[in-house]
Number of protein chains: 2
Amino acid sequence: MSPEHNPARHDRESVARTALALLDEVGLADLSMRRIAGRLDVQPSALYWHFSSKQELLADLADRITAIIHGTGAGVLTTARSIRDALFAHRDGAELVLSTYALRLGASPAQSALARALENEGATDVEQRAVAILHFILGHATLVQQRMHADSHGALLGGDENDVTAGLDRVFDLGVTALTGAISAAATPPRDRA
Amino acid sequence: MSPEHNPARHDRESVARTALALLDEVGLADLSMRRIAGRLDVQPSALYWHFSSKQELLADLADRITAIIHGTGAGVLTTARSIRDALFAHRDGAELVLSTYALRLGASPAQSALARALENEGATDVEQRAVAILHFILGHATLVQQRMHADSHGALLGGDENDVTAGLDRVFDLGVTALTGAISAAATPPRDRA
DNA sequence: ACCTGAACACCGTTCAAGT
DNA sequence: ACCTGAACACCGTTCAAGT
C-alpha cells in the first residue's frame with residue numbers, strides 16, 4: 001500500500017508509443033481509440049485528455065515515423081531510400097504519413113533532406129524536384145506496402161503468380177534517379193554498388 | 001395504381017451511380033453504406049444484395065473513375081494529365097483509386113495508356129517507367145487533392161499564406177517529364193503549346 | 001430478384017463527475 | 001493532472017423473412 005499505486009496514469013508520450021506499437025500489430029484500419037484505450041487499461045474518453053482528436057494522435061504518429069530521417073550529406077538516392085525505409089518500418093506507415101502530410105506545407109524533414117541532397121549533387125529546380133520525389137516516394141511506398149499486406153493475407157486478384165513485387169525496387173531506383181535529373185557532372189562521382 | 005409501383009428497386013448500376021454522386025457531395029470519409037442506402041430509400045442491408053462488401057463497392061467506383069482514360073496516341077505528358085484530371089473529377093478520387101489500386105496488378109487502363117505513350121515517344125524501360133509515373137501521379141494527386149479540400153475548409157497549419165498550391169502544376173509537369181526520360185530524338189517532335 | 005427488420009459487434013466524441 | 005461512467009450519434013455486416 002504505497003501512497004500511489006493507481007496503475008493507469010499516462011502522458012502524451014506513453015499514449016503515442018502504445019498507439020504506434022498497436023499500429024504494427026493490427027494495422028491502420030483496426031487502430032481505434034477504443035482499442036488503444038484498452039491496451040492502456042483506460043477508458044476511451046481518457047485519451048481525449050492527451051489528444052484532442054484521433055486525427056491529432058495519428059498526426060503525432062506520422063511525425064514519429066518520419067522523425068528518423070537524418071539530413072546527413074548522403075546522395076539523393078540514399079536519402080530517398082532512407083525515407084522509404086522509415087515508412088516501411090511500421091505497418092501502414094506510408095498510408096498514415098500520406099494521409100497526414102497534406103497539411104504539412106513543405107515543412108517535413110523528408111522534404112528538407114531531399115532538397116539538401118539535391119543541392120549537393122548540383123541539381124536544378126531543387127525545391128520542385130524535392131517535392132516531386134517526396135510525392136513519388138509516398139505514392140510508391142503506399143502502393144507497395146498495401147500490396148505486401150494483401151499478398152501475405154492471401155487473395156490475389158491479378159495475373160502472374162510469384163514475383164509480382166520483384167521489379168518494384170528497380171522502379172523505385174529508376175524513379176528517384178530520373179527525378180533527380182541530369183547530374184552536373186562536377187558533383188559526387190557515381191559509385192557502382194552491386 | 002399501375003401493376004408495379006414499389007419505388008425502390010435497384011441494380012448494381014444505379015447503386016454505383018448514386019454512390020459516386022454522393023461521394024462528390026460528402027467526401028470519402030462520410031460515404032457510408034447507411035448514407036448510400038438512405039439516398040436510395042432503402043435499408044442498408046439491401047446494398048449487400050448488389051455488392052458483397054463496401055470494399056467491393058469502392059473498387060467499382062474506382063473503376064468508374066479511371067474508365068475515362070483513353071489510350072489515344074497522345075504524348076506521355078498529355079496522357080499523365082488526363083489520368084490526373086480523371087482523379088480530380090471526383091471528390092477524393094485520387095485517394096479512392098490509390099487505396100484500391102494495390103490489388104490491380106498492372107492491369108489498370110492508366111498503366112496501359114502510359115506504357116503506349118512511352119513507347120510512341122521511344123522511351124527506354126517502358127514498363128518500369130509506366131509504373132513509376134503512375135505511382136507519382138497517384139501520390140501527387142492524392143496530396144494535392146487533400147490540400148485543396150483542407151484549404152477550402154479553412155484551417156491551414158503551415159507557413160506562407162496565399163499561393164501554396166501554385167507551383168504544384170509545375171511540379172507535376174517536371175515530374176512526369178523527368179520520369180519519361182531522355183527522348184530518343186527520332187520520336188514525335190516536341191510541339192510548343194502556350 | 002430484390003428488399004425489410006432486427007440484431008451484433010463495433011466506432012469517435014462529449015461531458016459531468018470523481019480523485 | 002488525469003481518469004471514470006454514461007451517453008449520443010453513428011458504423012459494416014449478417015440473416016431470417018417477406019414480396
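The model shown is predicted, which means the values in this text are computed figures rather than measured ones. FYI, side chains are in, hydrogens and waters are out, and symmetry mates aren't considered; it's all heavy atoms of this structure. Chain naming here is simple, since letters A, B, ... match the order of the sequence lines and numbering starts at 1 in each.
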Rounded distance (Å) that lies between atom [atom2] of [N] and atom [atom1] of [X]:
X: A:L47; N: D:dC3; atom1: CG; atom2: P; answer: 9 Å
X: B:W49; N: C:dG5; atom1: CH2; atom2: P; answer: 19 Å
X: A:R9; N: C:dG18; atom1: CZ; atom2: P; answer: 16 Å
X: A:I36; N: D:dC3; atom1: CD1; atom2: P; answer: 14 Å

Using every non-hydrogen atom in the two residues, find where [X] and [Y] come nearest and quote the distance to one decimal.
X: A:A19; Y: A:I36; value: CB-CD1, 4.0 Å
X: B:D92; Y: B:G27; value: OD2-CA, 3.4 Å
X: B:H135; Y: A:L143; value: CD2-CD2, 3.9 Å
X: B:A178; Y: A:R129; value: CB-NH1, 4.4 Å

Pair B:D125 + A:R170, salt bridge at N-O below 4.0 Å:
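No, no charged N to carboxylate O under 4.0 Å.
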Pairwise [atom1] distance for [N] and [M], with rounding to whole Å:
N: D:dA9; M: C:dA9; atom1: P; result: 23 Å
N: D:dA17; M: C:dC2; atom1: P; result: 22 Å
N: C:dC8; M: D:dC10; atom1: C1'; result: 15 Å
N: D:dC3; M: C:dC15; atom1: C1'; result: 13 Å

Parallel, tilted or perpendicular, as decided by the 30° and 60° cut-offs, for the rings of A:F172 and A:F136:
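A:F136 vs A:F172 ring planes: parallel.
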Is there a residue in residues 20-28 of chain B whose heavy atoms reach under 4.0 Å of DNA chain D, and which residues are they?
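Hits under 4.0 Å, by residue number: none.
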Using Watson-Crick pairs (N1 to N3, plus N6-O4 or O6-N4) and G-U wobble pairs, both distances under 3.5 Å, which stems of at least 3 pairs involve DNA chain C?
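Detected stem regions: C:4-8 with D:12-16, C:12-16 with D:4-8.
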Partners passing side chain to side chain contact (heavy atoms under 4.5 Å, CB included) against B:D60 (at least two apart in sequence or in another chain)
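In terms of side chain to side chain contact (heavy atoms under 4.5 Å, CB included), with neighbours along the sequence ignored, B:D60 is linked to B:R12, B:A16, B:F51, B:R64.
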Partners meeting side chain to side chain contact (heavy atoms under 4.5 Å, CB included) with A:S53 (sequence neighbours left out):
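With sequence neighbours excluded, A:S53 shows a side chain to side chain contact (heavy atoms under 4.5 Å, CB included) to A:Q55, A:E56, given in chain and number order.
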Distances under 3.5 Å only, N/O to N/O: pair up the protein atoms with those of nucleotides 10-13 of chain D.
from   : atom 1 : to    : atom 2 : distance (Å)
D:dC11 : OP1    : B:S32 : OG     : 3.0
D:dG12 : OP1    : B:M33 : N      : 3.1
D:dG12 : OP1    : B:K54 : NZ     : 3.0
D:dG12 : OP2    : B:M33 : N      : 3.0
D:dG12 : OP2    : B:R34 : N      : 3.4
D:dG12 : N7     : B:R34 : NH1    : 2.5
D:dG12 : O6     : B:R34 : NH1    : 3.0
D:dT13 : OP2    : B:Y48 : OH     : 2.7
D:dT13 : OP2    : B:K54 : N      : 2.8
D:dT13 : O5'    : B:Y48 : OH     : 3.3

Contact under 4.0 Å: B:H50 side-chain N or O vs C:dC3 OP1/OP2:
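Yes, because at least one side-chain N or O of B:H50 sits under 4.0 Å from OP1 or OP2 of C:dC3.
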Is there a side-chain polar atom (N or O) of B:Q43 under 4.0 Å from OP1 or OP2 of C:dG5?
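Looking at the OP1 and OP2 atoms of C:dG5, one of them is under 4.0 Å from a side-chain N or O of B:Q43.
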Where do A:S14 and A:D11 land on the side-chain hydrogen bond (donor to acceptor under 3.5 Å, both in side chains) test, with the steps shown first?
CA-CA 6 Å; A:S14 65; A:D11 55 6; 3.2 Å; yes
State the CG-CE distance between A:L58 and A:M33, to the nearest 0.5 angstrom.
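That separation rounds to 8.0 Å.
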Inter- and intrachain pairs under side chain to side chain donor-acceptor pair (under 3.5 Å), touching residues 16-27 of chain B, at least two apart
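Counting only pairs at least two positions apart or across chains, the side chain to side chain donor-acceptor pair (under 3.5 Å) contacts touching residues 16-27 of chain B are B:E25-B:R39.
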